[in-house]
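Here is how names work: the chains are called A, B, and so on, in the same order as the sequence lines, proteins then strands, and each is numbered from 1. Source: prediction; values computed, not measured.
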Amino acid sequence: MHDINAIRENPEAFDAALKRRGVEARAADLLARDDARRKAISESQELQTRRNEVSKKIGQAKGHGNEVAAQQLMAEVSSLKQDLQNAEEAERVLKAELEAAMASLPNLVMDDIPDGADEDDNVEIRRWGQPTQNPAALQHFEIGEALGQMDFEAGARLSGARFVVLRDGLARLERALGNFMLDLHVNEFGYREVSPPVLVRDEVVYGVGQLPKFEEDLFRTENGYWLTSTAEVTLTNLVREQILDHVSLPLRFTALTPCFRSEAGSAGRDTRGMIRQHQFSKVELVSIVDAESGEAELERKTQCAETVLQRLNLPYRVVSLCAGDIGFGSRKTYDLEVWLPGQNSYREISSCSYCGPFQGRRMNARYRAEGEKQTHFVHTLNGSGLALGRTLVALLENYVNEDGSITIPDVLRPYMGGDEKIEAAHGA
RNA sequence: GGAGAGAUGGCUGAGUGGUUGAAAGCGGCGGUCUUGAAAACCGUUGAGCGUUUGCGCGUUCCGGGGGUUCGAAUCCCUCUCUCUCCGCCA
């Protein structure tokens, strides 16, 4: 959500920032609505003042037993009633219209992100590790199916397209990855582990900006719950409608949760394999910070996510998303793209975003500095650290051996009972 | 699923239609006293919005929304949440 006062102060800057995203100018329209709204507020407040004055006198007259005077005053004020109702209704409507107009507008991007229209204009920031080039490299689903531990037919039988069943070593590998990542972020980077709900109500989804605009990307239960598409939704909303002490910031939360996405509009993309599923597990990293710390926290968070890939020894690159490709609620986003030999390309495995006060305002989440009266909206950040399914994909393609077995990276072995390899299941 | 009770300021807790944004206590902050601290005493202490250069003025908010009334924390409707008992259940 945007700050209408900031738009009033500098409408040109607002429109210019929207334009970088390819969104048409809106400031003039919003300010006209705001002007009408404020006029309506003044009008209804004026009527309220008059009503309150007379009503007090009525109370006093009745208190003194002066019924005649009271009756006169009541007759006088009753004529105000309809006017007041009309004025209040007008105010309500104008306020709702302004909010609706703003709720669907994306966050303003930061000055230092690249210009561009789509993902082709994203800018590579750095690379880590040596990508292996091998024309004969297998894709993860070929490797997993050969192991007899990645079963898309079973997934289809249970649930349909874009679902998978993992078994044996691969099932355990996924669990090991989750534990490894959580331990890393909790023990080394100071995140607090959280186990949140995955079913949430409307306003929570609105708070992070997925509603009202992206309803079609989400699953919903028949009685009105939304299935969270990422733990960002719940972890960020942990502070909704709160006023935090400045000294308690930053807050850093991590959680391992299933994520549910309808993938509407992705028809035909990544139809084979585990890259794009309706349900996947992810370790999420969320930070709640003050207005000054957001940019530094984005760098820190990106490092936290990168460390996972480094410990797993998976080659990757960091990409800064351009203005046309960046997400709705973000001001600046780094994507981490892991090297997939089977696809001979880098694929997104993490996305770290700095949202400024955009979500804080939608959630009405604030903080207050020691001894100050003024409250400020919290700034929020989120990032994957990492998506388990895609990490498993990367491990298969980067760690597959000649015989089809998978070497387990050193850091995961304690989580795999000391095993060094995943080999074909019995009877596969 | 059935029956019932409740939601008031940072906390506890009064208040059932008329100068009530709300008693009282606790907590917090400031002050007096003290070498310092404690105790005691005095004062102060919610969140928004509109308007104003500013001091300020006005207005809304007693779980959310709507209604009745000249006037609502107080009456009505509705939603959400919490609690108790019964049933079911991982």
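When only modelled atom types and interatomic distance are considered, A/Asn86 and A/Gln82 share a side-chain donor-acceptor pair under 3.5 Å. For the 3.5 Å distance criterion, the side chains of A/Thr407 and A/Glu420 fail to qualify, holding no donor opposite an acceptor. Side-chain contact of A/Tyr367 with A/Gln242: a donor-acceptor pair under 3.5 Å is absent, judged by distance alone.
Mapping A/Thr375 and A/Gln60 onto RNA chain B by nearest heavy atom places A/Gln60 closer to the 5' end of the strand.
Nucleotides B/G87 and B/A73 have their C1' atoms positioned 37 Å apart, rounded to a whole Å. The separation of B/G4 from B/C61, taken at their P atoms, amounts to 31 Å, rounded to a whole angstrom. The separation of B/A47 from B/A22, taken at their C1' atoms, amounts to 15 Å, rounded to a whole angstrom. Comparing B/U74 with B/U68, their C1' atoms sit 13 Å apart, to the nearest whole Å. The gap from the P atom of B/G21 to that of B/U59 amounts to 10 Å, rounded to the nearest Å. Only the C1' atoms considered, B/G10 is 10 Å distant from B/U45, to the nearest whole Å. Nucleotides B/G1 and B/U16, compared at atom P, are 35 Å apart to the nearest Å. Taking atom C1' on both B/G48 and B/U53, the two are 23 Å apart, rounded to the nearest angstrom.
Taking 4.0 angstrom as the limit, A/Thr49 places none of its side-chain polar atoms (N or O) nearer than this to OP1 or OP2 of B/G50.
One distance of note links CD1 of A/Ile349 with CG of A/Leu392; it measures 10.0 Å at 0.5 Å rounding. Atom-to-atom distance recorded for A/Leu170:CG and A/Asp151:CG is 11.0 Å, nearest 0.5 angstrom. With rounding to the nearest 0.5 angstrom, the CD1 atom of A/Ile4 is 10.5 Å from the CZ atom of A/Arg361.
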May I have the list of side-chain donor-acceptor pairs in residues 95-113 of chain A shorter than 3.5 Å, sequence neighbours left out?
residue: A/Asn107; atom: ND2; partner: A/Gly329; partner atom: O; Å: 2.9
residue: A/Asn107; atom: ND2; partner: A/Cys355; partner atom: O; Å: 2.9
residue: A/Asp112; atom: OD2; partner: A/Lys332; partner atom: NZ; Å: 2.8

Report all side-chain donor-acceptor pairs from residues 67-77 of chain A shorter than 3.5 Å, counting only partners two or more places apart or in another chain.
none

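Of the residues A/Tyr191, A/Phe253, A/Tyr354, the one that meets the side-chain contact (heavy atoms from CB on, under 4.5 Å) test with A/Ser287 is A/Tyr191.
For A/Gln48 and B/C57, the CD to P distance is 18 Å, given to the nearest whole Å. Taking atom CG on A/Asn5 and atom P on B/G48, their separation rounds to 13 Å, with Å as the unit. Atom CZ of A/Phe377 is separated from atom P of B/A47 by 13 Å (rounded to the nearest Å). Note: CD (A/Glu88) to P (B/G58) measures 18 Å, nearest angstrom. Here B/G48 presents its P atom at 18 Å from CD of A/Glu91, a figure rounded to the nearest Å. A straight line from CD of A/Glu241 to C1' of B/G46 spans 16 Å, rounded to a whole angstrom. For the pair A/Gln71 CD and B/G18 C1', the interatomic distance rounds to 15 Å; values are reported in whole Å.
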Task: Criterion side-chain contact (heavy atoms from CB on, under 4.5 Å) on A/Val233 and A/Trp226, from CA distance to verdict - done: CA-CA 10 Å; A/Val233 177; A/Trp226 298 96; over 6 Å; no
Open item on the list: Please encode protein proximity along nucleotides 62-80 of chain B as a string of B, S and -, counting only heavy-atom distances under 4.0 Å.
Closed with: ----S-SSBS--------S
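RNA chain B is contacted by A/Arg37, A/Arg38, A/Ile41, A/Ser42, A/Gln45 of residues 29-47 of chain A, taking any non-hydrogen atom closer than 4.0 Å.
Listed by chain and number, the residues in a side chain to side chain donor-acceptor pair (under 3.5 Å) with A/Asp29 are A/Arg33 (sequence neighbours excluded).
In RNA chain B, runs of at least 3 stacked Watson-Crick or G-U pairs (N1-N3 plus N6-O4 or O6-N4, or N1-O2 plus O6-N3, all under 3.5 Å) give these stems: B:1-7 with B:80-86, B:10-12 with B:24-26, B:27-32 with B:40-45, B:46-51 with B:56-61, B:63-67 with B:75-79.
Both cation-pi conditions hold for A/Arg362 and A/Tyr206: the charged atom is under 6.0 angstrom from the six-membered ring centre and inside a 45 degree cone around its axis.
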